[in-house]
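Written out below as structure tokens is the structure these notes cover.
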Amino acid sequence: MVSYKDLGLVNTNEMFKKAMEGRYAVPAYNFNNMEQMQAIMQACVETKSPVILQVSSGARKYANSTLLRNMAKGAVEYVKELGYEIPIALHLDHGDTFELCKDCVDNGFSSVMIDGSHHSFEDNIALTKKVVDYAHQHDVTVEGELGQLAGVEDDVSAEKSTYTKPEEVIEFVNKTGVDSLAISIGTSHGANKFTPEQCTRNDEGVLVPPPLRFDILEEIEKKLPGFVIVLHGSSSVPQDIVKIINDHGGALKDTIGIPEDQLRRAAQSAVCKINIDSDGRLAMTAAVRKVFVEKPAEFDPRKFLGPARDALKELYKHKNNNVLGSAGKA
Ligand code: G3H
Ligand code: 13P
Ligand code: ZN
């Protein structure tokens, strides 16, 4: 048994309490390798932001869970060495079984998500409660999910979204004891969120997707006052980054993400955790493609992974400063 407490990590209780009071959202950034970890930590140190380091089961398969855990431990030491104090949580993203969540609790994770959203309401409650009962014995916090996002999340895929039903949230939270709840209000996973045909043009000619269902969020907030809400699928798919990729040999579809002003509004509500992964993937891809096109003789990985890391860091600093409002809150 490796306790997250021995690694210097924290669970999400305190960081969410502060985020709720301060009306901002804590960034939850996925990592699979060292460059992503460096970018996340450099961005959060430079902006003085709390951070949730997210590991999906795909990341565990790709990079090995022990290596990832020790990178999180290293992140704690790195911040300390710099003389900063930043709360860092290590979180399982989209856990789909009790066994996977237990393995993470037993191996240094301070927070886990059990995503039973593709099960029936009753089975979701039973599975989530089982995880909560085990995780809470070890002071590990648990995120559950009600409603389904469109797009692909790890091994689970949902063709179309099903919005969270506000009338179900009280029973779900009371019966499971979860610490936070991921909801579906119109965000979706991946880079292909909305086609241009699904969007309208604003006065400046910019394509704008259908707005998030803030009415559902508000109903949920009324039913669960002060309860922590989580938004997945919150990448904005920056058009300038998509253009760099496609101008350098990429073949991304025309696609629109969640506008930043919508996320800013969400971050000021009961939404205390916002998950972003795809935007980071896009930023890294753009930087790597640029190097490959502009310097075709380059073959030192540091010469393309370095720019990818730096682009990711700048993107995450922007998110903390201008979208989530988490800068200066560590
Ligand atoms: O929601 C899923 C995250 O973006 C993680 O993606 O399962 O490909 O690691 P992944
Ligand atoms: P995006 O694909 O929109 O970045 O969402 C990531 C996510 O929800 C991770 O759980
Ligand atoms: Zn997600």
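Side-chain atoms are counted along with the backbone in the values below, which use heavy atoms only and exclude waters and symmetry mates. Counting convention: from 1, in listed order, for ligands and their atoms alike.
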Using heavy atoms and a 4.0 Å limit, tell me yes or no: is Arg281 in contact with ligand 2?
no

Go through the steps for His118 and Asp96 under the test side-chain hydrogen bond (donor to acceptor under 3.5 Å, both in side chains), then give the verdict.
CA-CA 10 Å; His118 46 290; Asp96 58 348; over 6 Å; no

Here the atoms of ligand 1 under 4.0 Å from any heavy atom belonging to Asp277 are 3 (C), 4 (O), 5 (C), 6 (O)

Look at atom 3 (O) of ligand 2 and say which protein heavy atom is nearest, naming residue and atom and giving the distance to 0.1 Å.
Lys193 NZ, 2.5 Å

Ligand 2 atoms in contact with His232 (distance to a heavy atom under 4.0 Å):
8 (O), 10 (O)

Neighbour count above 12 (heavy atom, 6.0 Å) for Asp123 CG:
yes

Should Lys61 be listed as contacting ligand 1, given a heavy-atom distance under 4.0 Å as the test?
no

For His94, counting its heavy atoms only, list the atoms of ligand 2 lying under 4.0 Å from any of them.
10 (O)

Contact (N/O only, under 3.5 Å) between Asn275 and ligand 2
yes

What is the name of the N/O/S atom in His232 that sits closest to the Zn ion (ligand 3)?
ND1

Tell me which one of His189, Lys273, Glu145 gets a heavy atom nearest to atom 7 (C) of ligand 2.
His189

Electrostatic pair Glu218-Lys222, nearest N-O below 4.0 angstrom
no

Short version for Asn275: what comes under 4.0 Å of ligand 1, heavy atoms counted, is neither

Would you call Arg265 and Asp261 a salt bridge, using N to O less than 4.0 angstrom?
no

Just going by heavy-atom distances, which of Gly280, Ser278, Ala28, Ala182 is nearest to atom 2 (O) of ligand 2?
Ser278

For atom 10 (O) of ligand 2, state which one of Asp93, Asn30, Ile274 supplies the nearest heavy atom.
Asp93

Between Asp93, Leu149, Asp115, which one has a non-hydrogen atom sitting closest to atom 2 (C) of ligand 1?
Asp93

Going by atom types alone, do Thr47 and Asn320 pair a side-chain donor with an acceptor below 3.5 Å?
yes

Please confirm whether Ile276 comes within less than 3.5 Å of ligand 2 when only nitrogen or oxygen atoms on both sides are compared.
no

Going by the closest heavy atom to atom 10 (P) of ligand 1, which one wins out of Arg281, Met113, His94?
Arg281

Of all the atoms in ligand 1, which lie at a distance below 4.0 Å from a heavy atom belonging to Ser56?
5 (C), 7 (O), 9 (O), 10 (P)

Measuring from atom CD1 of Ile185 to atom OG1 of Thr164, what distance do you get when rounded to the nearest 0.5 angstrom?
8.0 Å

Check step by step if salt bridge (Lys or Arg N to Asp or Glu O under 4.0 Å) holds for Lys17 and Glu21.
CA-CA 6 Å; Lys17 191 168 173 275; Glu21 284 163 8; 3.7 Å; yes

Is there a donor-acceptor contact under 3.5 Å from the side chain of Lys73 to the main chain of Leu7?
no

I need the nearest protein heavy-atom contact for atom 8 (O) of ligand 2: residue, atom name and distance, please.
Gly233 N, 2.8 Å

Trace of the side chain to side chain contact (heavy atoms under 4.5 Å, CB included) decision for Arg281 with Ser235:
CA-CA 10 Å; Arg281 296 177 180 195; Ser235 279; over 6 Å; no

Quick one: does any side-chain atom of Asp115 pair with a main-chain N or O of Gly95 as donor and acceptor, under 3.5 Å?
no

Using the rule side chain to side chain contact (heavy atoms under 4.5 Å, CB included), only one of Met41, Met71, His91, Gln36 pairs with Leu53; which is it?
Met41

Taking the Zn ion (ligand 3) as the vertex, what is the angle from NE2 of His94 to NE2 of His189, given to 10 degrees?
100°

Go through ligand 1 atom by atom and flag the ones less than 4.0 Å from a non-hydrogen atom of His189.
1 (O)

Using a 4.0 Å cutoff against the non-hydrogen atoms of Gly190, which atoms of ligand 2 qualify?
2 (O)

Would you kindly specify which portion of Ser234 sits under 4.0 Å from ligand 2, judged on non-hydrogen atoms: side chain, backbone, both or neither?
backbone

Proximal atoms of ligand 1 relative to Asn30 (non-hydrogen, under 4.0 Å)
3 (C), 5 (C)

Do His232 and Asn275 have side-chain N/O donor and acceptor atoms under 3.5 Å apart?
yes

Considering distance alone, does some N or O of Asp279 sit under 3.5 Å from an N or O of ligand 2?
no

Taking only non-hydrogen atoms of Ser188, do any sit less than 4.0 angstrom from ligand 2?
yes

Could you tell me the separation between the OG1 atom of Thr12 and the CD1 atom of Ile52, rounded to the nearest 0.5 Å?
6.0 Å

Set out, in order, the CA-CA distance, both residues' side-chain angles and the distance that settles side chain to side chain contact (heavy atoms under 4.5 Å, CB included) for Lys303 and Lys295, then state yes or no.
CA-CA 10 Å; Lys303 297 287 166 39; Lys295 298 175 186 163; over 6 Å; no

